[in-house]
Amino acid sequence: MTRPDYIAAKDAFGHWGVDTEAALERLARIPISVHCWQGDDVVGFEGVTAGSGGGIQATGNYPGRARTPDELRADLEFAYANIPGKHRLNLHASYLDSDETPERDALEYKHFAPWVDWAKENGLGLDFNPTFFAHPKADDNLTLSHPDKGIRDFWIRHGEICREIAARIGTEMGSPCVNNIWVPDGYKDIPVGRMAARERLEASLDAMLAKQFDKAQLLDAVESKLFGLGVEACTVGSHEFYLGYAIRKNTLLCLDMGHFHPTENIADKLSAVALSVDEILLHVSRPMRWDSDHVILLNDDILAMAQELVFGDLLGRTHIGLDFFDATISRTAAWVVGTRNMQKALLRALLQPVEMLQAKEAELNFSDRFILTEELKDLPYGAVWETFCERQSVPSGVTLLNTLNTYQASVADRK
């Protein structure tokens, strides 16, 4: 039976020429790549002892951290069961599932095959990332741009192998695997050799990406960063560096919302870069003060990002992934709430009378545009979201709270 509040909401949106059924149908087809590293505080399963580097640091000691691949998969299954729709998993190379402990330049597809089998069983897509941090050969905060050729070659081999693994994953899954490349390279204090470092990074990337793969199997992305702990003065792979590289080398460009200054409007960058790159990868997170990855809120930044994706007709060219980690709260709750907030933002954007708003803007009628955008804020978005959750058989409201708390209690004894 259709919810009475949804019937009223459908009529309210219909008054503005918005079809709520079309919006719900579209939202159900938008996959979000949920990141594995929220579940274990970016530790991974290699047993390597080294600093993460590049500003990566999960703080807090809330009980329930996943300690094994099986525990992480169980947590993910719970999270996906409480997120409406069908989605993807973003897997880092340090999350291998194997009794072997190979070096990172000796990884093979077999070390990740259990993840592929699990993803197939659960109807999920898979994405991948080389892990250029938390390793003794990254302790200098330099990897692909390191002055030592031996260290550069080690990380080039790691990147090459990860591309092979990602391509195999894409083949096995029947869906392109997005392979995202981020390195922590940078300097704590002001360097005198920025150009040399960036030349080394470019040459290493060129070597790593030399082999061509079918885009039906593998999509390479490059990700920039503003700064982080230990790389406050210079990040070799800056936004400008990777924007130019992605344009020249025809890769995806990754825009991580946590990798820019908190006052920057990352949504504004979408239409700008979309004119020069074919596809975009988003890592959606929430920066606070210095570079950081907080759990997504349904705030103005997320709403603006979703609106740009819809208004700019960029959903078909954008891969939406998440990147946050918080060990001060329930890790599974962070996954569920963060992902659902991204979906809520997308739903609100899909429920906008786009043609009406764009027509007012084209007429330079900014007064009407202003009035309309403010009036639209009062529409009953919540009733449409509740209906979406109900149709996708996932809980909401107090039921969701109780579900999350019950699961947290079941894993609280993990130390």
Side-chain angles (χ1 to χ4, degrees), residues 26-27 29-35 85-92 124-130 159 162-171 173-183 202 205-206 208-225 237-260 265-285 302 304-323 339 342-343 345-346 349-350:
R26 183 71 183 92
L27 182 62
R29 299 197 308 269
I30 301 175
I32 294 174
S33 196
V34 178
H35 53 312
K86 283 294 183 182
H87 300 286
R88 304 177 68 84
L89 174 68
N90 198 4
L91 189 66
H92 243 288
L124 301 168
L126 270 181
D127 297 313
F128 202 67
N129 311 257
C162 286
R163 294 185 73 226
E164 296 278 356
I165 293 168
R168 175 73 182 277
I169 289 173
T171 301
M173 298 299 300
S175 170
C177 179
V178 177
N179 179 62
N180 185 50
I181 300 161
W182 175 80
V183 299
E202 180 179 52
L205 288 167
D206 286 348
M208 197 173 77
L209 297 171
K211 184 173 180 179
Q212 299 296 307
F213 289 91
D214 188 335
K215 288 193 173 184
Q217 302 170 324
L218 173 68
L219 296 171
D220 290 300
V222 290
E223 177 182 354
S224 65
K225 192 164 186 172
S238 65
H239 174 60
E240 294 77 11
F241 175 91
Y242 279 125
L243 175 60
Y245 193 88
I247 293 170
R248 288 182 288 112
K249 307 295 182 175
N250 195 29
T251 70
L252 276 66
L253 179 69
C254 178
L255 298 176
D256 186 315
M257 294 181 70
H259 284 190
F260 294 87
N265 181 1
I266 312 308
D268 181 57
K269 299 181 187 298
L270 281 173
S271 57
V273 302
L275 296 172
S276 298
V277 297
D278 291 336
E279 295 183 69
I280 298 167
L281 170 63
L282 281 183
H283 274 190
V284 185
S285 64
I302 301 302
M305 181 67 77
Q307 184 169 297
E308 281 295 309
L309 289 171
V310 172
F311 280 31
D313 195 24
L314 293 172
L315 283 170
R317 298 169 53 192
T318 304
H319 305 262
I320 304 173
L322 306 181
D323 185 4
T339 309
M342 184 69 241
Q343 292 182 288
L346 288 167
L350 291 166

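In this view, R26 and R29, I30, L315, L350 satisfy the side-chain contact (heavy atoms from CB on, under 4.5 Å) rule, not counting sequence neighbours.
The local environment of CG in D313 is sparse, with at most 12 non-hydrogen atoms from other residues, nucleotides or ligands closer than 6.0 Å.
H283 contributes atom NE2, which lies 5.5 Å from atom CD of E223 (distance to the nearest 0.5 angstrom). Between the NE2 atom in H239 and the CG atom in L253 there is a gap of 6.5 Å [rounded to 0.5 Å]. Distance check, rounded to the nearest 0.5 Å: NE2 of H319 to CD1 of I32 gives 14.0 Å. Interatomic distance, E308 CD to L270 CG, rounded to the nearest 0.5 Å: 6.5 Å. Taking NE2 from H92 and CZ from F128, the interatomic distance works out to 9.0 Å, rounded to the nearest 0.5 Å. Note that CZ of R168 and CG of L218 are 14.0 Å apart. Values are rounded to the nearest 0.5 Å.
For G258 against S285, the heavy-atom pair with the smallest separation is N-OG, 3.0 Å. When every heavy atom of T251 is checked against every heavy atom of V222, the shortest pair comes out as OG1-CG2, 3.6 Å. Listed here is the closest heavy atom pair of D323 and H35: CA-CD2, 4.0 Å. Taking every heavy atom of both residues into account, N180 and P130 meet most closely at O-CD, 3.0 Å. Nearest approach of R317 to V277, heavy atoms of both residues: NH2-O, 2.8 Å. Across all their heavy atoms, S175 and R88 have their closest contact at OG-NH1, 3.0 Å.
With contacts defined as side-chain heavy-atom distances shorter than 4.5 Å, the pair I181/L209 qualifies. Counting heavy atoms from C-beta outward, L124 and M173 have side chains that stay 4.5 Å or more apart. N179 has its side chain out of reach of I165: every pair of non-hydrogen atoms, C-beta onward, lies at least 4.5 Å apart. Side-chain contact check for T171 versus F213: every heavy-atom pair is 4.5 Å or farther apart.
Judged by distance alone, the side chains of N129 and N90 do bring a donor and an acceptor atom under 3.5 Å apart.
Below 30°, between 30° and 60°, or above 60°: for Y245 and F241 the angle between ring planes is below 30°, a parallel geometry. Using the six-membered ring where Trp is involved, W182 and H259 have ring planes that are tilted, between 30° and 60° apart.
A salt bridge does not link K215 to E279: none of the charged side-chain nitrogens sits closer than 4.0 Å to a carboxylate oxygen.
Each of L346, T339, L281 was evaluated against I320; a single residue qualifies, L346, per the side chain to side chain contact (heavy atoms under 4.5 Å, CB included) test.
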* Asked: E202 and L205: side-chain contact (heavy atoms from CB on, under 4.5 Å), yes or no, with the steps?
  -> CA-CA 5 Å; E202 180 179 52; L205 288 167; 5.6 Å; no
